[in-house]
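To start, the structure under review is shown below, and the notes come after it.
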Amino acid sequence: METMTENLYIMQTGNKENKYKALVPQIAALVHAEKDPIANLANISAAIHQTFGFFWVGFYLVKENELVLAPFQGPVACTRIKHGKGVCGTAWETAETIIVSDVNKFPGHIACSTESKSEIVVPLFSGSNVTGVLDIDSDKLNDFDETDKVYLEEICKIIE
């Protein structure tokens with residue numbers, strides 16, 4: 001089993017998949033040790049942001065038929081998103097992960113920041129109901145792929 005120091009080294013120097021492999025068990029341990037969901041979302045967004053240096057990492061939670069901003073790391077963000085609107089609202093509506101290589105080519109993209117170039121949004125579930133989304137923006141085009149999808153979906157399952 002890898003030590004915490006080895007995991008930290010991998011997260012700082014490893015390739016994307018190795019970084020996720022080191023990060024997922026650490027997130028599982030964080031969530032297991034803390035029962036407050038907001039505290040967990042805050043630590044998860046910080047852990048992902050710190051590991052990968054993405055432009056924006058955070059959560060939106062479903063409240064009264066809108067996605068409402070929850071814990072995040074990065075610049076100021078949109079506060080509320082309607083069902084089916086933008087990448088987050090579409091992921092909520094379809095209940096599927098969405099990878100957008102160029103946000104300017106996504107119909108109806110909500111530009112919270114002009115620095116965002118690509119995005120991945122992963123729905124959070126309670127049973128079959130979407131309860132929120134994990135939203136990650138990059139300031140680089142085409143920054144997300146199947147590796148991100150697989151591991152971020154695994155992280156979101158830890159939250160449920």
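Keep in mind that this is a model prediction, so the values were computed, not measured.
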- The single option from V121, I120, I81 passing side-chain contact (heavy atoms from CB on, under 4.5 Å) against V87: V121
- Item | Pairs meeting criterion disulfide bond (SG atoms under 2.5 Å apart) with involvement of residues 33-78, two or more places apart | C78-C112
- Any ion pair linking K149 and E153 (charged N to carboxylate O, less than 4.0 Å)? yes
- Query: Taking a hydrophobic cluster as the set of Ile, Leu, Val, Met, Phe, Trp and Tyr residues connected by side-chain heavy atoms closer than 4.5 Å, whether directly or through intermediates, do F125 and V133 fall within one such cluster?
  - Reply: yes
- Task: Kindly assign one of parallel, tilted or perpendicular to the pair F144 and F54, based on the angle between their ring planes and the thresholds 30° and 60°.
- Result: tilted
- Message: For the NZ atom on K35, are there more than 12 heavy atoms of other groups (residues, nucleotides or ligands in this structure) within a distance under 6.0 Å?
- Response: yes
- Which heavy atom of T90 sits nearest a heavy atom of G84, and at what distance? OG1-O, 3.5 Å
- For atom NZ of K16, decide whether the heavy atoms of other residues, nucleotides or ligands shown that lie under 6.0 angstrom number more than 12. yes
- Test log, rule side chain to side chain contact (heavy atoms under 4.5 Å, CB included), inputs V57 and F52: CA-CA 10 Å; V57 178; F52 293 99; over 6 Å; no
- Task: For residues A95 and P123, report the shortest heavy-atom separation together with the two atoms involved.
- Result: C-CG, 3.7 Å
- Rounded to the nearest 0.5 Å, how far apart are CD of E66 and NZ of K85? 12.5 Å
- Query: Is there a chain of hydrophobic side chains (I, L, V, M, F, W, Y, each step under 4.5 Å between heavy atoms) that links V150 to I159?
  - Reply: yes
- Message: For the CH2 atom of W92 and the NZ atom of K82, what is their distance to the nearest 0.5 Å?
- Response: 9.0 Å
- Task: Indicate yes or no: at least one non-hydrogen side-chain atom of I158 is less than 4.5 angstrom from one of I44.
- Result: no
- Hey, could you give me the CZ/CD distance between F59 and Q73, rounded to the nearest 0.5 Å? 10.5 Å
- Query: Can you name the side chain to side chain donor-acceptor pair (under 3.5 Å) partners of E96, sequence neighbours left out?
  - Reply: none
- When the ring planes of Y151 and Y20 are compared, do they come out parallel, tilted or perpendicular, using 30° and 60° as the limits? parallel
- Message: With a 3.5 Å distance limit and no angle check, can you tell me whether D145 reaches the backbone of D148 through a side-chain donor-acceptor pair?
- Response: yes
- Which pair of non-hydrogen atoms, one from R80 and one from V68, has the smallest distance, and what is that distance? NH1-CG2, 3.3 Å
- K117/D143 salt bridge by N-O under 4.0 Å criterion: no
- Note on the structure: Taken to the nearest 0.5 Å, the spacing of I98 CD1 from E119 CD works out to 9.0 Å
- Is any side-chain heavy atom of I48 less than 4.5 Å from a side-chain heavy atom of L134? yes
- Task: Measure from the side-chain N and O atoms of D102 to the backbone N and O of L141, and report whether any donor-acceptor pair falls under 3.5 Å.
- Result: no
- Item | Hydrophobic cluster membership, L30 vs V122, 4.5 Å side-chain cutoff | no
- Note on the structure: Rounded to the nearest 0.5 Å, the NZ atom of K63 sits from the CG atom of L69 at a distance of 10.0 Å
- Task: State, to 0.1 Å, how close S45 and G58 come at their nearest heavy-atom pair, and which atoms those are.
- Result: CB-CA, 4.2 Å
- Any side-chain heavy atom of S118 within less than 4.5 Å of one from N142? no
- Nearest non-hydrogen partners of G89 and L67, listed with the distance: N-CD1, 4.0 Å
- Item | Heavy-atom pair with the smallest gap, counting every atom of T131 and S126 | CG2-CB, 3.5 Å
- Following the transitive rule for hydrophobic clusters with a side-chain heavy-atom cut-off under 4.5 Å over Ile, Leu, Val, Met, Phe, Trp and Tyr, establish whether I38 and I27 coincide in one cluster. yes
- Distance from S116 atom OG to I136 atom CD1, nearest 0.5 Å? 11.5 Å
